[in-house]
Amino acid sequence: MHYDFGKIEKKWQNIWAKRGTFKAENNSERKKFYVLDMFPYPSGAGLHVGHPLGYIASDIYARYKRHKGYNVLHPMGYDSFGLPAEQYAIQTGQHPAITTEENIKTYRRQLDQLGFSFDWSREIRTSDPKYYKWTQWVFIQLFNSWYNSDSDKAEPIEDLVSIFERDGNTNVNAVCDDDIPNFSADEWNASSSNKKQETLLKYRLTYLADADVNWCPALGTVLANDEIVNGVSERGGHPVVRKKMRQWMMRITAYTQRLLDGLDKIDWPQPLKDSQANWIGRSEGATVKFRVRSSENGVVSDNIDDDEITKDAETIKDAETAAHNPALFIDVFTTRPDTIFGVSFMTLAPEHELVSKITTSDQKAAVEAYVEATAKRSERDRMADVKTITGAFTGAYAEHPFTKEPIPIWIGDYVLAGYGTGAVMSVPCGDQRDYDFAKHFGINIPNIFEGIDISEEAFADKEKTIITNSDFLNGLPYKKAVKKSIAELETLGQGEGKINYRLRDAVFSRQRYWGEPFPVYYVDGMPQMIADEHLPIMLPEVEKYLPTETGEPPLGNATDWAWDTNTNQVVSNENVAPSARLQVSERANSNFTPSSSAERSGSTDKGQSNNNFAPSAVEEQSNDNGVYPLELNTMPGWAGSSQYFNRYMDPHNDDEIFSQEAIDYWQDVDLYIGGSEHATGHLLYSRFWQKFMFDRGLVPVDEYAKKLINQGMITGTSAFVHRWDYTIGENKKAEKKNVFISQKFVKKMLSKSLFLEDVLENYEILRKSIFDFHEKDKNEMGFIKVTDSPSSISKIHSDVSLVNSSDELDIQAFIKWQPDSENSMFILENGEIYDVKTSPEGSSGGAFIVNREVEKMSKSKYNVVNPENIVKEYGADSLRMYEMFLGPMEQSKPWNTAGITGVHGFLKKLWKLYHSGPNGEFTVADLERPAISQTTGTEASGGGDSFAKTSDNQPQSKDEGLREADKPAPESLKTLHKTIKKVEDDIQNFSFNTSVSTFMICVNELTSQKCTSREILEPLAILMSPYAPHIAEELWEKLGHTESIATASFPKFEEKYIVESSKEYPISFNGKTRFTMELSLDLDRKQIEEVVMAHKKTQQQLDGRTPKKVIVVPGKIVNIVG
RNA sequence: GCUCGAGUGGCGGAAUUGGUAGACGCGCUGGAUUCAAAAUCCAGUGUUUUAGGACGUGCGGGUUCGAUUCCCGCCUCGAGUACCA
């Protein structure tokens, strides 16, 4: 009976599905284990062999844990909102839901073929309203929360409102917008509802703001930083520009420190943690406040009313304010406050709002020209050319906080508006960029470092720093100088210690159709949340998926997209009262910015804040019928993936995001497997949401994945054929005959820069046939001359399926695949010339060899391998084992289909081991006691639950019936237990590649031992089951079991079977092994030395010399020195 | 530039605490079987050689009886990040 993998795999996939073998229970006495894969975006291209790598690994682990007695949760679903389906919809008019559904079907079919033990009853899709109901719900929870820095956690917004009503905001320590004026309880209570909402928005964890966003005109949407690669969009590679737009934001910055600290608690790959830490970008230093000294705008440096010093210069919004407020300050952040006496100029980002206010009339033209020039340069240009130093002098001066000396204020685009305060104190002696800038513009470079030469470059080594020329800092090393300088700045009231983060609040709005709609409508320009019980707010139907003519996001095309607060339903836009409707169109005309944004700015001091708290004119509404416009943006791709791991615990719950019972049992993910490309996107945002959920008491732990493994990419092995690009006469248009050259000749030509003429014996024959071919065109072409050169070889991708395991091209198939190559000659590896037209089919004696190169797997490179084809030819078990066999999980490695014959052959051998009868009949000794009861144990269960029962179904046997021949041979037991140990260690270390080798060795050994013992072959089937579940199930059934192998107990390793009595010692001389000796392990050091020294080969090696030293490590090695 | 990771046969890779480098598989070579092919089985396969050996884990040093493994300095490749003050 042969190994009919096709039949076996179908059979078991059906049985598993029918029986619900892999359903996880939410109520179990057993310990839980949660194995999760990053769920895929179902793309139209389907899976290639690289995709399942992680799923196979997680499946092995999940199955292993089931064998160990755990209640395993191993779900799968789809991150099904996303750009490609929408782009396709724009092109074809096909609704994204339809394409998505089709793609999911393809994915599911492909996944099902691989025999994964997913609990499909828990499948989720982010684009399913039943699922995104809860994404909307979390959004509302975030909206209804603020971050209390005193308790260091998120708290309900009602609590904040109570505080305001009681005490105002003066004692509130929150992570919030930085332009909030102080107000008293009375002021709060007296202010209008609209004003209250506006103020609260500045505290909420999700809020609306005019943010500098990455706008991608080609995609018509904003992008998050992690969606931009090298200055262009990750998807499509379109240019991205900076733009101010009113957007929903996530106050992730509230969690920066906790996101950083949490990394220590989780077992994630170090590179991934590093890149999150880099992304968060914590730096310690100080803020320093520099007074602006003079300007023509009537700003005077003297006569400052201390009360009027604003907390932040940025809040001074316009020149009018400045005129009323004589003190202008520039705040900077620095990591080197110790170098404060080295400051010789300041630099502001060109976008800095003080620029226009402080620039003198002399410099105005130059500064404006520079600002304009910078604005025009795209982000990419700026990045491409970091070497060119540009800037302009504003004409204004700041005052040094200690020396009171004037410091010129420059602007330069090396200072980023988005980091710190958008301004730096420039210390040219200690910072290379400042140094270069100073050199370029001839600004002086004072030296404040003792014994350091700064004539060539800046000095930035903190360790070796001793400060000098710095008043009270003289003689101090870096650390002490930092402390001292901060203390002095604080005394002056012109600075304080500060920790700065690179991480910004995350933009949460996308101008797209195919995403979660916000559960938000606008009353009087203020966002209102729709009550939980009315969720989900379903994505409306639209005619077109493009932005509207007025520039609104695609949802602006919907005719029914208004919220009726009377009926709590989505209704037609026509029902919106004219006053409310006005805001919608205004929003569109000003790039989706609600009309109130102008009003929002400028509230900086108390005098104004009083005004702002007065009932606003916008408040009065005519014809308010309770119907309001809904939000037109949708949520970004990472919204749906930020909580999905918790939803799997209770995926069909329509009343709660998950039941308390479910979350209490499952807690968190024990093993999470996925690609490292999500390091700063999904994996950071989801940690943020989890921490928020934790703060609000929704989840029991604040890190959701204990352990994470990155799977490496599988690259493709492309095949190249080389074509000789000869020249014929002068006529370039003439259709040429293709001449393809086999690998050997290409190598010779390329390595030594030779001509084809030099490497090919048959060159003249080739030349002549080219002449003959072109003879008919002779008149038209004029003079025929065939020339070549070493460089005239072009590389052409061939489809990898046309090449066999010996790199030989199937020429006939190649011609069919590329019909324009019909007029071709192939110079074969043996030097023969094969002419497709003239040679009879198949007459070529030699082979044509292609070149191989490793590249990313992609359609355009013709190196994509579809798992379905592999499954058809070799089976899912072979594919699973081969993917693991390729190499370590986390490493990227090339796919080469040829190699799969190795593992496929192994599975056949395994099959044969159980079918060693004369005609391949199943032959496993039946008569002895099943091995299972002696060699098993569970680690997770409290004991007697269903796991032990599997052995009850086996045919029971009697000791007296045991035949001598059926007893396992000692060497077979040794082989088995060696394998158990190695495989178990490997699974725990995620070293799946080495266990495949171990299985091969095991089966090779058992085969040569002619082992047919049940005591060996039964445990072996269980060992194999995580890796090759179909064949294992089939063998298990043949062994007489009626229950699935999936929950059979993992065999228990027993040391006693692998104990050795002797060892083949390597005998080395000066560290080099010369020969080996079989010695008993009972011998001690001294005895070993005696035996070895007495050996004649030893004497031979020593050649009469006396060894200086003999090192004996019992059980390991003998080394003779001398 | 910075951060991280990796360099071992023709190829993918193995070597668990410093102890016989190259397990296992592919490919290749030879053989058996076959009318032939596929499949299967057997043997060989790091380089070099004067056949005893010599050399060999990116390069140069070091520690050690002994280094792919530990330390120092470089080189190359890959990934992430990018004027972050």
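Note on A:K1108: nothing from the nucleic acid sits closer than 4.0 angstrom, heavy atoms only. No contact: A:R282 has no heavy atom under 4.0 Å from any strand.
Per the geometry, CD1 belonging to A:I411 stands 16 Å off C1' belonging to B:rC83, to the nearest Å.
The aromatic ring centroids of A:W410 and A:F437 lie less than 6.0 Å from each other. Residues A:F290 and A:F329 place their aromatic rings such that the two centres sit no closer than 6.0 Å. Aromatic ring centres of A:Y882 and A:H904: separated by at least 6.0 Å.
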Summarise protein proximity over nucleotides 14-26 of chain B in one line of letters, 5' to 3': B for base, S for sugar-phosphate only, - for none, counting protein heavy atoms closer than 4.0 Å. S----BBS-BBSS

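The side chain of A:K908 lies closest to B:rA39, out of B:rC65, B:rU81, B:rA39.
Here A:T253 pairs with A:D505 under the side-chain hydrogen bond (donor to acceptor under 3.5 Å, both in side chains) rule; sequence neighbours left out. Listed by chain and number, the residues in a side-chain contact (heavy atoms from CB on, under 4.5 Å) with A:R282 are A:Q257, A:L260, A:E284, A:I499, A:Y501 (sequence neighbours excluded).
Nucleotides B:rC11 and B:rA23 are separated by 15 Å at their P atoms, to the nearest Å. Here the separation of B:rG12 from B:rG78, taken at their P atoms, is 15 Å to the nearest Å. Taking atom P in both B:rC72 and B:rU48, one finds a spacing of 36 Å when rounded to whole Å. Taking atom C1' on both nucleotides, B:rG7 is separated from B:rG58 by 6 Å, rounded to a whole Å. As rounded to the nearest Å, B:rU57 and B:rU68 have P atoms that lie 7 Å from one another. With P as the reference atom, B:rU47 and B:rG56 are 16 Å apart, rounded to whole Å.
With A:H440 contributing its side chain and A:G391 its backbone, the two residues share no donor-acceptor pair below 3.5 Å.
Anti is the classification of B:rG73, since its glycosidic angle lies more than 90° from 0.
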